[in-house]
Number of protein chains: 2
Amino acid sequence: MNSFTEENYLKAIYKLSLSSGGVVNTNQIALQVNTKAATVTDMLKKLSDKNYILYQKYQGVTLTEAGKKIAIHIVRKHRLWEVFLVEKLNFKWDEVHDIAEQLEHIRSDELIDELDKFLEFPAFDPHGDPIPDKHGKITELTSVPLASVKHKGKLVFSGVEDHSKAFLQYLSKTGITLGDTITLNEIIDYDKSVEISIKNKKMFLSHEAAKNILVEKI
Amino acid sequence: MNSFTEENYLKAIYKLSLSSGGVVNTNQIALQVNTKAATVTDMLKKLSDKNYILYQKYQGVTLTEAGKKIAIHIVRKHRLWEVFLVEKLNFKWDEVHDIAEQLEHIRSDELIDELDKFLEFPAFDPHGDPIPDKHGKITELTSVPLASVKHKGKLVFSGVEDHSKAFLQYLSKTGITLGDTITLNEIIDYDKSVEISIKNKKMFLSHEAAKNILVEKI
DNA sequence: AAATAAATTTAGACTGATCTAAATCCATTT
DNA sequence: AAATGGATTTAGATCAGTCTAAATTTATTT
Ligand SMILES: [Mn+2]
Ligand SMILES: [Mn+2]
Ligand SMILES: [Mn+2]
Ligand SMILES: [Mn+2]
């Protein structure tokens, strides 16, 4: 059996590998799991011994199929629990992450599959992230940061890049909800901030905020 | 913060103290938490330092109010999760204990109080055990083992002493359900087995089984 | 290609939870 | 009151996960 710690490292490596295109470095992992590089090195040896990662000193790591499978299973559990908390227990989308960090380590395949059924097989979690199915199949998001959109027009708010409480609460305050149509009215040259409309309301968003808002083109 | 291990020791001491009338010994705890006496001694020192128990070498331990409060909170979580698993996720009463052993350590008061509300504040868990309220108030069972009943007559099946899968599955097979009326027809002198009726069906139960079936007189 | 800086690993240490074996305490029996 | 045996504690060790400081490797700059 894998420890919670091992599961957290695998999840971190998986997450980092999505943006870095496969190879993940020691320092990135240390940052992600909130520990020191020396500690990470020890763990990489262990994960490598268990054949969850390919590891060569100084060269970074990649997940093996076995490691990826475990990581995705943890992600599945995390996101299903988040849906449960929001849909059934009245939590807000900015309140669920820390609890899901704990619940994702509960071990029982039957539990998680029954939960999935109880929630009626949701495709996305409260932050717009896709939920892997019981076979580990996950349809990665095709959405892009609002800050990267070059042309004015209609978009759908489909997810967030930054999952921090502060950012999520800020979005709630603006009134934006997942699935809303966003119209990109203008991109300000000066500071790359953007003017958008949602529900006939106009507002400005900083470049920083726009980087963390994911949209789908329609 | 207390570790899972500390929580398990406190829960074990609480459980043992209910039957032993307060004082609990090292070996009993070792048996309950499935470890060795030497390990227990180490933990008792730690729990004593934290003022969760009163401990004097060789004299056994008692829970302090602080320790009892923590233990009861764990019991509350355990039993609420068991209700959730049975009522919402279609688990059988013999399948929930091990999962609840994990879920009872999830830390979030808001989570457990919301779960309580979602379940509509159940008073008993799937095994008939009372669920402490959010203030730690618990109405201890007044039920007695069927084996201790001296007179023939009607009784209500209100709980089990033995929570093992084997015993629970055996009861399911007999068709007895919590809340059923049991009529005690006869106590066999020879081996202390009993003849009962439930739903017009007669059956014999061994003394061993009768010891583990809890009933209320009506 | 050498110097320098950054990233990574190694060495050595600590803590919490566990174990076995040995020592000690206590209750019961003679 | 001494002997005995069971319960309990102490001593010493191990393992996982973590740290700091030092050594090493790799990448970047001159
Ligand atoms: Mn999350
Ligand atoms: Mn999420
Ligand atoms: Mn249970
Ligand atoms: Mn129960």
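As a basis for the values below, the full set of heavy atoms in this structure was taken, side chains included, without hydrogen atoms, waters or symmetry mates. Reminder, nothing fancy here: chain letters follow the sequence lines and each chain counts from 1.
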(request) Select one nucleotide: of C:dA21, D:dT8, C:dT9, the one nearest the side-chain heavy atoms of A:Thr26. (result) C:dT9

(request) Check whether any side-chain nitrogen or oxygen of A:Lys57 sits under 4.0 Å from OP1 or OP2 of C:dT10, and answer yes or no. (result) yes

(message) Rounded to whole Å, how long is the line connecting atom CG of A:Asp42 with atom P of C:dA11?
(response) 11 Å

(message) Can you see if the side chain of A:Tyr9 gets near the phosphate of D:dA16 - specifically, an N or O under 4.0 Å from OP1 or OP2?
(response) no

(message) With a 4.0 Å cut-off on N to O distance, would you call A:Arg76 and A:Glu104 a salt bridge?
(response) no

(message) OP1 or OP2 of C:dT10 versus the side-chain N and O atoms of A:Lys45: is any pair under 4.0 Å?
(response) yes

(request) Measure up the B:Phe167 and B:Tyr170 rings against each other and bin them: parallel (under 30°), tilted (30 to 60°), perpendicular (over 60°). (result) tilted

(message) I need the CD1-C1' distance between A:Ile29 and C:dA7, as an integer number of Å.
(response) 13 Å

(message) Using whole Å, what does the distance between atom P of nucleotide D:dT10 and atom CG of B:Leu44 come to?
(response) 11 Å

(request) Check whether any side-chain nitrogen or oxygen of B:Thr41 sits under 4.0 Å from OP1 or OP2 of D:dT10, and answer yes or no. (result) no

(request) Give a yes/no answer on whether the side chain of A:Tyr55 brings an N or O atom under 4.0 Å of OP1 or OP2 in C:dT9. (result) yes

(request) State plainly whether the residues A:Glu7 and A:Arg107 are in salt-bridge range, i.e. N to O under 4.0 Å. (result) yes

(request) Kindly confirm or rule out a cation-pi arrangement of A:Lys88 over A:Phe118, judged by NZ or CZ under 6.0 Å from the six-membered ring centre and within 45° of its axis? (result) yes

(request) Name the residue closer to the 5' end of DNA chain D, choosing between A:Phe4 and B:Gln56 according to the nucleotide with the nearest heavy atom. (result) B:Gln56

(request) Return the value, rounded to whole Å, for the distance between atom CG of B:Leu31 and atom C1' of D:dA7. (result) 14 Å

(message) Closest approach to the side chain of B:Lys36, judged atom by atom: which nucleotide of D:dT8, C:dC19, C:dT8 is it?
(response) C:dC19

(request) Specify the separation, in whole Å, of atom CG of A:Leu16 and atom P of C:dA7. (result) 15 Å

(request) To the nearest Å, give me how far apart CE (A:Met43) and C1' (D:dC15) are. (result) 13 Å

(message) Using the side-chain heavy atoms of A:Asn27, tell me which of these nucleotides is nearest: C:dT9, D:dT18, C:dA7.
(response) C:dA7

(message) By nearest heavy atom, map A:Ser3 and A:Ala38 onto DNA chain D; which one lands nearer the 5' end?
(response) A:Ser3

(request) Taking the side chain as every heavy atom from C-beta outward, state whether A:Pro126 and A:Phe91 have any atom pair closer than 4.5 Å. (result) no

(message) Is the phosphate of C:dT18 approached by B:Thr39 (side-chain N or O, under 4.0 Å from OP1 or OP2)?
(response) no

(message) Between B:Lys192 and B:Glu208, does any side-chain N to carboxylate O distance fall below 4.0 Å?
(response) no

(request) Check every atom of C:dT8, C:dC26, D:dT18 against the side chain of B:Gln59 and return the nucleotide holding the closest atom. (result) C:dC26

(request) From the options D:dT9, D:dT18, C:dT8, select the nucleotide whose nearest atom is closest to the side chain of A:Asn25. (result) C:dT8

(request) Rounded to the nearest angstrom, tell me the gap between atom CG in B:Asn2 and atom P in C:dT15. (result) 19 Å

(request) Using atom OH of B:Tyr58 as one end and atom P of D:dT8 as the other, report the distance to the nearest whole Å. (result) 10 Å

